[in-house]
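Structure record follows, encoded as structure tokens.
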Protein chains: 2
Amino acid sequence: MPEPAVRRLSLYLRELEGLLDRQCETISSRQLGSLLNLTDAQVRKDLACFGQFGHPGVGYRVSELVVRIRSILGTDRTWNALLVGSGHLGRALLSYRGFARKGFRLIAAFDNDPTKINQRVGAEPGILVEPMDRLPEAVARRGIEMAILAVPQSVAQTVADQLVAAGIKGILNFAPASISVPAHVSVATVDLAVHLEQLAFRICTRQVELERQTAGKQQGADAIGGPSR
Amino acid sequence: MPEPAVRRLSLYLRELEGLLDRQCETISSRQLGSLLNLTDAQVRKDLACFGQFGHPGVGYRVSELVVRIRSILGTDRTWNALLVGSGHLGRALLSYRGFARKGFRLIAAFDNDPTKINQRVGAEPGILVEPMDRLPEAVARRGIEMAILAVPQSVAQTVADQLVAAGIKGILNFAPASISVPAHVSVATVDLAVHLEQLAFRICTRQVELERQTAGKQQGADAIGGPSR
DNA sequence: GCTTGTGAAACGTTTCACAGCA
DNA sequence: TGCTGTGAAACGTTTCACAAGC
């Protein structure tokens with residue numbers, strides 16, 4: 001199953017949910033692609049990986065496709081998640097409404113800092129920050145399958161190990177570190193600084209590209225004796 | 001220039017900076033790869049794209065490689081950045097120390113919500129949240145090249161247009177929407193909900209894989225009449 | 001011995017082009 | 001006409017294998 005196709009599936013779903021709000025009933029692969037700067041063939045190939053959802057001559061029915069993609073991604077149900085690390089980022093994530101809209105419920109929070117334990121964080125009524133030793137029981141008792149890791153780099157691996165031991169099946173890791181887990185556990189790492197770094201690189205590269213293009217055009221113009229403008 | 005190689009360059013740098021702290025002087029492609037679950041050949045090919053940094057029989061000198069990669073990524077200097085949207089996520093990003101460590105300075109913040117304007121946010125002394133109409137002047141006067149977009153989906157494109165008009169060269173977009181900008185501007189989108197969705201998919205898939213594996217083994221054992229255990 | 005850098009082979013992804021269908 | 005689904009071609013990335021160097 002092509003990994004890039006799975007990544008794009010989430011993006012298709014995001015756009016389709018938007019179209020649903022605007023009561024758009026059907027959409028062609030070309031239209032959906034143009035929303036994400038993809039070719040029509042790309043969209044069709046991606047969707048065809050998972051079944052035949054389209055209607056020749058018509059396109060894709062938005063509501064139908066939304067249901068299908070949710071079912072493929074496993075977001076046609078709610079997932080319970082917990083948070084470890086109630087620093088600035090952790091608290092922001094607890095308050096983020098985007099997760100709930102997609103069916104993810106953050107229902108517990110943990111930290112090992114005594115000054116943070118027993119505080120209530122997030123939108124009213126808030127979630128109680130519990131000490132780390134309560135984690136295993138919470139996972140078992142409250143049916144929590146996912147964890148959001150928002151702790152400092154230095155303790156990321158240790159906490160990840162605790163999460164795995166507690167029976168967590170997937171970790172969304174915001175710590176700037178690559179963590180290792182057993183094969184039955186999935187990890188997705190989001191390193192915010194890395195994304196800014198990539199942006200810096202792209203800005204530099206874009207700048208150079210444009211300069212080269214301009215220079216090339218000028219030289220070309222010079223060579224054929226065209227107007228330098 | 002292979003796009004995946006550039007992505008990994010940031011990860012190499014992150015690991016190398018860690019090794020530098022632990023006074024590790026040299027590292028082989030195999031060792032560096034194992035930190036990130038990559039093959040040694042992958043590491044060598046990636047680095048070779050940008051020059052000859054290695055020393056046969058020795059490996060790569062950590063401090064040298066750090067300098068080289070920073071120079072390639074364009075993070076051998078500081079970048080000034082601004083933030084738009086001082087909601088929960090925006091304020092968390094202003095307080096995040098990881099950016100400063102990588103040479104990114106968040107030096108201005110904007111919002112169009114009157115209740116947020118003129119507040120000070122982030123670590124002491126804090127950054128003053130200014131109204132959107134001050135944005136163009138701030139970009140020009142303070143040499144700001146990057147923007148972090150942490151606004152709701154509904155206004156993401158509008159604000160992006162304002163940023164472009166103000167002369168911003170790169171946007172790190174946290175809004176759950178794909179935004180379009182002219183070719184001379186770079187965008188990186190980080191959709192937090194999408195990452196959780198991908199994690200949900202991987203958890204489901206992993207579960208099925210393991211079940212199939214177990215079933216396969218059992219069947220295999222049955223077929224050859226081995227112990228069913 | 002161990003290491004890098006690199007052409008060549010293997011693999012995966014995207015694009016093309018068109019048959020089949022409403 | 002307009003659309004999907006799909007084999008085939010084109011393109012890009014990763015892995016292999018080994019010469020060259022410490």
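Please read these numbers as outputs of a predicted model, since none were measured by experiment. In what follows, chains carry the letters A, B, and so on, assigned in the order in which the sequence lines appear, proteins first and then strands, with residues in each chain numbered from 1.
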- Distance only, no hydrogens: is a donor on one side chain within 3.5 Å (strictly under) of an acceptor on the other, for Glu209(A) and His184(B)? no
- Message: My understanding is that only residues two or more places apart in sequence, or in another chain, count here; which of them pass side-chain hydrogen bond (donor to acceptor under 3.5 Å, both in side chains) with Ser95(A)?
- Response: none
- Rounded off to whole Å, could you give me the CZ-to-P distance for the Phe50(B) and dT4(C) pair? 17 Å
- Task: May I ask you to decide whether Arg8(A) forms a salt bridge with Glu197(B), counting only side-chain N to carboxylate O separations under 4.0 Å?
- Result: no
- Can you check the Asp40(B) CG to dC18(D) C1' distance for me, whole Å? 13 Å
- Message: Does either side chain, that of Glu211(A) or that of Thr214(A), offer a donor lying less than 3.5 Å from an acceptor on the other one?
- Response: no
- Message: Near DNA chain D, counting only heavy atoms under 4.0 Å, which residues of residues 17-28 of chain A show up?
- Response: Ser28(A)
- Query: Any sub-3.5 Å donor-acceptor pair from Thr189(A)'s side-chain atoms to Leu172(A)'s backbone N or O?
  - Reply: no
Pairs of donor and acceptor atoms involving the side chains of residues 65-75 of chain A, under 3.5 Å and at least two apart or interchain, shall be tabulated with distances.
from: Arg70(A); atom 1: NE; to: Glu17(A); atom 2: OE2; distance (Å): 3.3
from: Arg70(A); atom 1: NH2; to: Glu17(A); atom 2: OE2; distance (Å): 2.9

- Query: Is it true that Arg61(A) and Glu25(A) make a salt bridge, defined as a side-chain N closer than 4.0 Å to a carboxylate O?
  - Reply: no
- Nearest whole angstrom, please: distance from the P of dT15(D) to the CG of Leu38(B). 8 Å
Under 3.5 Å, which protein N or O atoms sit close to an N or O of nucleotides 20-22 of chain D? Give each pair with its distance.
from: dG21(D); atom 1: N2; to: Gly57(B); atom 2: N; distance (Å): 3.3
from: dC22(D); atom 1: O4'; to: Pro56(B); atom 2: O; distance (Å): 3.2

- Query: Separation of Asp46(A) atom CG from dT6(D) atom P, in whole Å?
  - Reply: 14 Å
- Query: Can you tell me how far P of dT14(D) sits from CG of Asn37(B), to the nearest Å?
  - Reply: 15 Å
- Residue whose nearest DNA chain C nucleotide is more 5′ - Gly59(B) or Ala48(B): Gly59(B)
Pair up each side-chain donor or acceptor in residues 149-164 of chain A with any protein partner under 3.5 Å, not counting sequence neighbours, and list the distances.
from: Gln153(A); atom 1: NE2; to: Pro176(A); atom 2: O; distance (Å): 3.0
from: Gln157(A); atom 1: OE1; to: Ser180(A); atom 2: N; distance (Å): 2.9
from: Gln157(A); atom 1: NE2; to: Asp161(A); atom 2: OD1; distance (Å): 2.9
from: Gln157(A); atom 1: NE2; to: Ser180(A); atom 2: O; distance (Å): 3.0

- dG5(D) phosphate, OP1 or OP2, under 4.0 Å from Arg44(A) side-chain N/O: no
- Query: What are the two closest heavy atoms between Tyr60(A) and Arg44(A), and how far apart are they?
  - Reply: OH-CG, 3.6 Å
- Message: So for Lys45(B) and dT6(C), does any side-chain atom that can act as donor or acceptor lie under 3.5 Å from a complementary atom in the base?
- Response: no
Output a table of nitrogen or oxygen pairs between the protein and nucleotides 10-13 of chain C separated by less than 3.5 Å.
none

- Message: What is the separation between atom CZ on Arg30(B) and atom P on dT3(C), rounded to the nearest whole Å?
- Response: 7 Å
- Query: Looking only at heavy atoms, which two atoms of Phe50(A) and Val6(A) are closest? And how far apart?
  - Reply: CZ-CG2, 4.2 Å
- Query: Do the side-chain N or O atoms of Tyr60(B) get closer than 4.0 angstrom to the phosphate oxygens (OP1, OP2) of dG5(C)?
  - Reply: yes
- Task: Rounded to the nearest angstrom, tell me the gap between atom CD in Gln52(B) and atom P in dT3(C).
- Result: 18 Å
- Item | Minimum heavy-atom distance between Ser10(B) and Gln198(A), given as atom pair plus value | OG-NE2, 3.0 Å
